[in-house]
S.K.: 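Input: one structure, supplied below.
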There are 2 protein chains.
Amino acid sequence: MPRAASSHAAMVPAASPWDGVAERLRSNGLRWTPQRRTLVDVLREHEGHVTATELIARCRERDQTTTPSTVYRTLDVLEDFGLVRHGHGPDGREEYHVLPDQVHGHLYCVACGATWEIRPETGAAIVDALAADLGFDVDLSHVTISGRCQTCCRE
Amino acid sequence: MPRAASSHAAMVPAASPWDGVAERLRSNGLRWTPQRRTLVDVLREHEGHVTATELIARCRERDQTTTPSTVYRTLDVLEDFGLVRHGHGPDGREEYHVLPDQVHGHLYCVACGATWEIRPETGAAIVDALAADLGFDVDLSHVTISGRCQTCCRE
DNA sequence: TACACTAGCGCAACGACTTGCAATAGCGCT
DNA sequence: AGCGCTATTGCAAGTCGTTGCGCTAGTGTA
């Protein structure tokens with residue numbers, strides 16, 4: 001959807017959810033700093049999953065002075081805005097899902113180390129099962145379930 | 001204490017899965033050390049869930065010289081023997097399930113902080129759903145799923 | 001454009017967990 | 001009971017993530 005910001009703004013590249021971040025922050029009394037800009041630039045190219053450590057490394061590529069604490073704190077802020085979502089990988093380390101268009105859980109194969117996303121329908125089945133059991137309202141996005149993938153099971 | 005060390009030992013308390021640990025270790029070329037004894041003694045009284053940090057603290061109560069690295073390493077060994085099982089809590093920290101008589105997953109309420117075990121039947125439903133989806137063989141024991149419990153949902 | 005207000009930054013220290021390594025001490029064997 | 005082999009230990013150093021704090025620098029306002 002072209003989403004014309006004015007009568008003649010037809011050349012906008014395809015609105016990215018990141019485009020309005022600065023304004024969104026400011027309108028909430030927060031600030032748009034160089035450090036946040038760096039992180040957002042990195043996130044732009046990482047739609048998918050990334051570990052916090054990797055994000056820090058990538059930020060440092062662009063700005064040597066990047067500090068871990070700042071990155072973690074900015075990620076917290078972005079999470080409040082729904083732009084990223086964090087969970088814990090099988091080893092307990094932080095993992096971020098960039099732009100969670102759709103909440104989904106993850107599977108991790110302990111044998112080959114690969115990860116998969118749980119399909120929405122399957123995720124729904126899990127959510128339903130737990131809702132029926134204890135009336136629990138699951139937040140799938142925060143979880144990585146481990147086990148063995150089909151391929152590794154065969155071996 | 002009655003427990004006669006007589007020729008006929010009929011007063012043994014009821015065989016605990018821990019009773020044979022020393023022998024099991026030795027017969028596998030491993031060793032039964034004072035440090036391991038301390039940890040096992042602690043575990044004996046903790047059937048259920050414990051964090052690694054708490055275990056270390058309890059060990060230190062009994063033996064001031066307890067070192068974290070030793071405890072972690074011993075837990076790894078015990079896990080190989082199936083006596084404990086570790087997973088990661090919602091904050092990514094290690095949690096140990098002592099004597100997992102039955103593999104089960106956990107639920108954590110982000111609102112009130114309580115945790116529940118997932119009932120076997122419900123767990124089975126989850127395992128089945130993922131098996132059907134990707135042929136994935138889930139290891140439920142390693143997971144804590146977060147969300148909101150029934151009570152907190154109502155509020 | 002200058003100013004004050006305060007969000008955010010970088011630092012330093014801390015807690016949880018891991019790992020390499022040299023010294024110690026269980027265990028089986030004689 | 002003594003001996004040697006090597007599993008374990010304890011330490012030190014390292015990684016990942018968090019937190020308290022004083023100083024810096026975005027922002028809205030005048």
Side-chain angles (χ1 to χ4, degrees), chain A residues 20-42 49-60 62-81 83-96 142 144, chain B residues 20-40 42 49-60 62-81 84-96 142 144:
Chain A
V21 201
E23 291 66 33
R24 286 183 70 187
L25 288 175
R26 276 194 282 259
S27 65
N28 278 66
L30 305 182
R31 292 168 191 177
W32 185 238
T33 67
Q35 294 83 345
R36 291 183 172 180
R37 190 172 161 29
T38 304
L39 177 56
V40 167
D41 282 348
V42 168
H49 313 135
V50 220
T51 62
T53 311
E54 187 172 345
L55 286 175
I56 293 172
R58 296 246 189 257
C59 283
R60 214 178 309 250
R62 303 181 175 232
D63 173 5
Q64 284 210 336
T65 72
T66 301
T67 308
S69 55
T70 299
V71 175
Y72 283 109
R73 281 190 279 229
T74 299
L75 284 168
D76 283 349
V77 172
L78 295 177
E79 188 157 15
D80 286 342
F81 281 81
L83 293 164
V84 300
R85 195 124 195 168
H86 90 283
H88 297 278
D91 56 354
R93 293 193 185 160
E94 304 232 317
E95 251 176 23
Y96 283 86
H142 199 86
T144 296
Chain B
V21 202
E23 289 66 34
R24 286 183 69 189
L25 288 174
R26 276 194 281 260
S27 65
N28 277 68
L30 304 182
R31 291 168 191 175
W32 185 239
T33 67
Q35 294 83 345
R36 290 182 174 178
R37 190 170 159 36
T38 303
L39 177 55
V40 166
V42 168
H49 313 135
V50 219
T51 62
T53 310
E54 186 172 347
L55 286 175
I56 294 172
R58 298 245 189 258
C59 282
R60 208 169 325 240
R62 303 180 173 232
D63 174 6
Q64 283 211 337
T65 72
T66 301
T67 307
S69 56
T70 298
V71 174
Y72 283 109
R73 280 190 283 228
T74 299
L75 284 167
D76 284 349
V77 172
L78 295 177
E79 188 155 15
D80 287 343
F81 282 81
V84 300
R85 195 125 196 170
H86 90 283
H88 295 279
D91 57 353
R93 292 191 186 162
E94 305 228 318
E95 250 176 24
Y96 284 85
H142 198 87
T144 296

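Numbered from 1 within each chain, the chains take letters A, B, ... in sequence-line order.
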S.K.: In this structure, how many angstroms lie between the P atom of C:dT24 and the CZ atom of B:Arg36, rounded?
M.R.: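 The answer, rounded to whole Å, is 19 Å.
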S.K.: May I have the distance from B:Ile56 (atom CD1) to C:dT18 (atom P), rounded to whole angstrom?
M.R.: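 Those two atoms, CD1 and P, are 10 Å apart.
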S.K.: Could you check if a side-chain atom of A:Val21 sits within less than 4.5 angstrom of a side-chain atom of A:Phe81, using non-hydrogen atoms only?
M.R.: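 Not in contact.
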S.K.: Report yes if at least one side-chain N or O of B:Gln35 is closer than 4.0 Å to OP1 or OP2 of C:dG26; otherwise report no.
M.R.: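 So the side chain of B:Gln35 is outside the cut-off, no N or O lying under 4.0 Å from OP1 or OP2 of C:dG26.
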S.K.: Are A:His86 and A:Glu95 linked by a side-chain donor-acceptor pair shorter than 3.5 Å?
M.R.: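 Their side chains do not contain a donor-acceptor pair, so the 3.5 Å distance test is not met.
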S.K.: Does the side chain of A:Glu79 come within less than 4.5 Å of A:Leu75's, by heavy atoms?
M.R.: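 Side-chain contact under 4.5 Å: no.
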S.K.: Among D:dC11, C:dG10, C:dC9, which nucleotide sits nearest the side chain of B:Ser69?
M.R.: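 The nucleotide sitting nearest to the side chain is D:dC11.
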S.K.: Send over the distance from A:Arg93 CZ to D:dG17 P, rounded to a whole Å.
M.R.: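 It works out to 7 Å between those atoms.
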S.K.: Quick one, which residues of residues 70-77 of chain B touch DNA chain C with a heavy atom under 4.0 Å?
M.R.: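 Residues of residues 70-77 of chain B under 4.0 Å from DNA chain C: B:Tyr72, B:Arg73.
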S.K.: Among A:Arg37, A:Arg58, A:Glu54, whose side chain to side chain contact (heavy atoms under 4.5 Å, CB included) with A:Val42 holds?
M.R.: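 Output: one option passes, namely A:Arg58.
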S.K.: What is the distance from CD of A:Glu79 to P of D:dG17, rounded to the nearest Å?
M.R.: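 A:Glu79 atom CD is separated from D:dG17 atom P by 14 Å.
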S.K.: If you apply the rule side chain to side chain contact (heavy atoms under 4.5 Å, CB included), what do you find for B:Val71 with B:Thr67, and how did you get there?
M.R.: CA-CA 7 Å; B:Val71 174; B:Thr67 307; over 6 Å; no
S.K.: Please work out which residues in residues 22-33 of chain B have a non-hydrogen atom less than 4.0 Å from an atom of DNA chain C and list them by number.
M.R.: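 Output list: B:Arg26, B:Arg31, B:Trp32.
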S.K.: For A:Asp91 and C:dT19, what is the distance between atoms CG and C1' respectively, to the nearest whole Å?
M.R.: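 Going from CG in A:Asp91 over to C1' in C:dT19 covers 15 Å.
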S.K.: Is A:His88 close to A:Arg93 at the side-chain level, that is, under 4.5 Å between some pair of heavy atoms?
M.R.: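 No. Closest side-chain heavy atoms not under 4.5 Å.
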S.K.: Do B:Thr53 and B:Glu94 have side chains that get closer than 4.5 Å, going by heavy atoms?
M.R.: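 The answer is no, as the side chains (C-beta and beyond) never meet within the 4.5 Å cut-off.
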S.K.: Do A:Leu83 and A:Arg24 have side chains that get closer than 4.5 Å, going by heavy atoms?
M.R.: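 The answer is yes; the side chains approach within 4.5 Å.
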S.K.: Rounded to the nearest angstrom, tell me the gap between atom NE2 in B:His88 and atom P in C:dA16.
M.R.: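 So the two atoms are 15 Å apart, to the nearest Å.
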S.K.: Could you check how far OH of A:Tyr96 sits from P of D:dC16, rounded to whole Å?
M.R.: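 Rounded to the whole Å, the gap is 14 Å.
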S.K.: Show your reasoning for whether side chain to side chain contact (heavy atoms under 4.5 Å, CB included) applies to A:Tyr96 and A:Thr51.
M.R.: CA-CA 6 Å; A:Tyr96 283 86; A:Thr51 62; over 6 Å; no
S.K.: Using atom CZ of A:Arg37 as one end and atom P of D:dT27 as the other, report the distance to the nearest whole Å.
M.R.: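 To the nearest whole Å, that distance equals 12 Å.
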